[in-house]
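All values reported here derive from a predicted model rather than from experimental measurement.
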Amino acid sequence: MKISKKCRYGLRALIDLSVHSGNEYMVLGNIAERNGISPQYLEQVFANLRRAGIVRGIKGSQGGYRLNVDPADLTVAEILEALDGSYLIEEEELPEDTHGQGISASIQNLVIDRLNEQLDQVLKNITLDELRKKYLDHKEYSQDMYYI
């Protein structure tokens, strides 16, 4: 499984938004600049997040985006689904011969289904708030480093 660039950028932008906005609206260009993401690409990402109800956008000179969901209630699974649809590994179509069906069923049951269960468990148990806190811890720790 590979997490798409859209999902990675979306996660980065949402962490940034949760850190810098509070209840204020943030200009997308500022988020893009801080994270080295194309503003045009980020606009596409935020269109998906807006449709999913994760962010709220206002147009105009005082406009921008803010979270529409409490970061403690928003899981990584919900974010990935909003951006790319299902993140689970798809089932393979079974071959017509019984030998191939048995092999494919074995792979599906012992590998794919188990991976999907674990992936689902991990992604549904990490919230945006946890990601935000981890980022803030990292930021604080890295600022305390002194080099001689």
Side-chain angles (χ1 to χ4, degrees), residues 1-94 103-148:
M1 185 201 146
K2 185 176 179 180
I3 296 178
S4 72
K5 186 178 283 192
K6 180 195 287 185
C7 288
R8 289 175 187 267
Y9 285 175
L11 286 167
R12 286 169 53 183
L14 288 173
I15 293 167
D16 184 282
L17 189 62
S18 71
V19 167
H20 293 101
S21 74
N23 285 329
E24 302 291 319
Y25 285 87
M26 294 292 301
V27 177
L28 203 57
N30 293 345
I31 297 169
E33 185 178 323
R34 278 193 297 269
N35 291 281
I37 303 169
S38 158
Q40 294 83 7
Y41 190 76
L42 201 54
E43 183 63 52
Q44 294 173 17
V45 170
F46 269 68
N48 288 353
L49 295 171
R50 190 177 60 245
R51 277 191 292 275
I54 293 172
V55 297
R56 183 180 201 166
I58 293 182
K59 294 182 179 190
S61 62
Q62 300 297 317
Y65 289 92
R66 73 174 179 88
L67 287 172
N68 200 34
V69 179
D70 184 336
D73 296 331
L74 182 60
T75 67
V76 172
E78 292 169 316
I79 296 166
L80 297 184
E81 286 175 345
L83 293 172
D84 268 350
S86 178
Y87 51 81
L88 298 176
I89 301 169
E90 295 179 0
E91 286 190 30
E92 181 181 339
E93 287 190 34
L94 294 177
I103 291 172
S104 292
S106 299
I107 293 168
Q108 183 65 44
N109 293 334
L110 292 175
V111 179
I112 306 301
D113 289 347
R114 286 185 184 180
L115 282 171
N116 281 339
E117 287 172 18
Q118 293 297 311
L119 186 60
D120 209 33
Q121 183 179 5
V122 168
L123 297 178
K124 285 184 175 179
N125 286 300
I126 300 172
T127 65
L128 180 59
D129 193 48
E130 290 175 272
L131 291 171
R132 180 186 66 80
K133 288 175 182 173
K134 187 71 167 177
Y135 163 72
L136 290 173
D137 287 346
H138 180 267
K139 183 179 171 187
E140 182 179 317
Y141 176 74
S142 65
Q143 287 179 350
D144 290 340
M145 297 296 291
Y146 295 99
Y147 297 96
I148 300 175

Would you find a donor on one side and an acceptor on the other, under 3.5 Å apart, between the side chain of R12 and the backbone of N35? yes
Given 3.5 Å as the limit, does a donor-acceptor pair link the side chain of E81 with the main chain of E78, or not? no
Is it true that K134 and D137 have a side-chain N and a carboxylate O under 4.0 angstrom from each other? no
Which heavy atom of [X] sits nearest a heavy atom of [Y], and at what distance?
| X | Y | answer |
| --- | --- | --- |
| A82 | I54 | CB-CD1, 3.7 Å |
| G57 | Y65 | CA-CD2, 3.7 Å |
| A77 | K124 | CB-CG, 3.7 Å |
| P71 | S18 | CG-CB, 4.4 Å |
| E24 | R66 | O-CB, 3.4 Å |
| Y9 | L42 | O-CD1, 4.4 Å |

Applying side-chain contact (heavy atoms from CB on, under 4.5 Å), can you list everything that pairs with K6, at least two apart in sequence or on another chain? S4, Y41, V45, N48, L83, D84
Do V76 and Y87 touch side chain to side chain, with heavy atoms closer than 4.5 Å? no
Does N116 reach the side chain of D120, with side-chain heavy atoms less than 4.5 Å apart? no
Tell me whether [X] at atom [atom1] has more than 12 heavy atoms from other residues, nucleotides or ligands lying less than 6.0 Å away.
| X | atom1 | result |
| --- | --- | --- |
| R56 | CZ | no |
| E43 | CD | yes |
| E91 | CD | no |

How many angstroms lie between atom [atom1] of [X] and atom [atom2] of [Y], to the nearest 0.5 angstrom?
| X | Y | atom1 | atom2 | answer |
| --- | --- | --- | --- | --- |
| E33 | D16 | CD | CG | 11.0 Å |
| L123 | I3 | CG | CD1 | 6.5 Å |
| L17 | N30 | CG | CG | 11.0 Å |

Sole candidate of T75, I15, L11 that passes side-chain contact (heavy atoms from CB on, under 4.5 Å) when paired with L128: I15
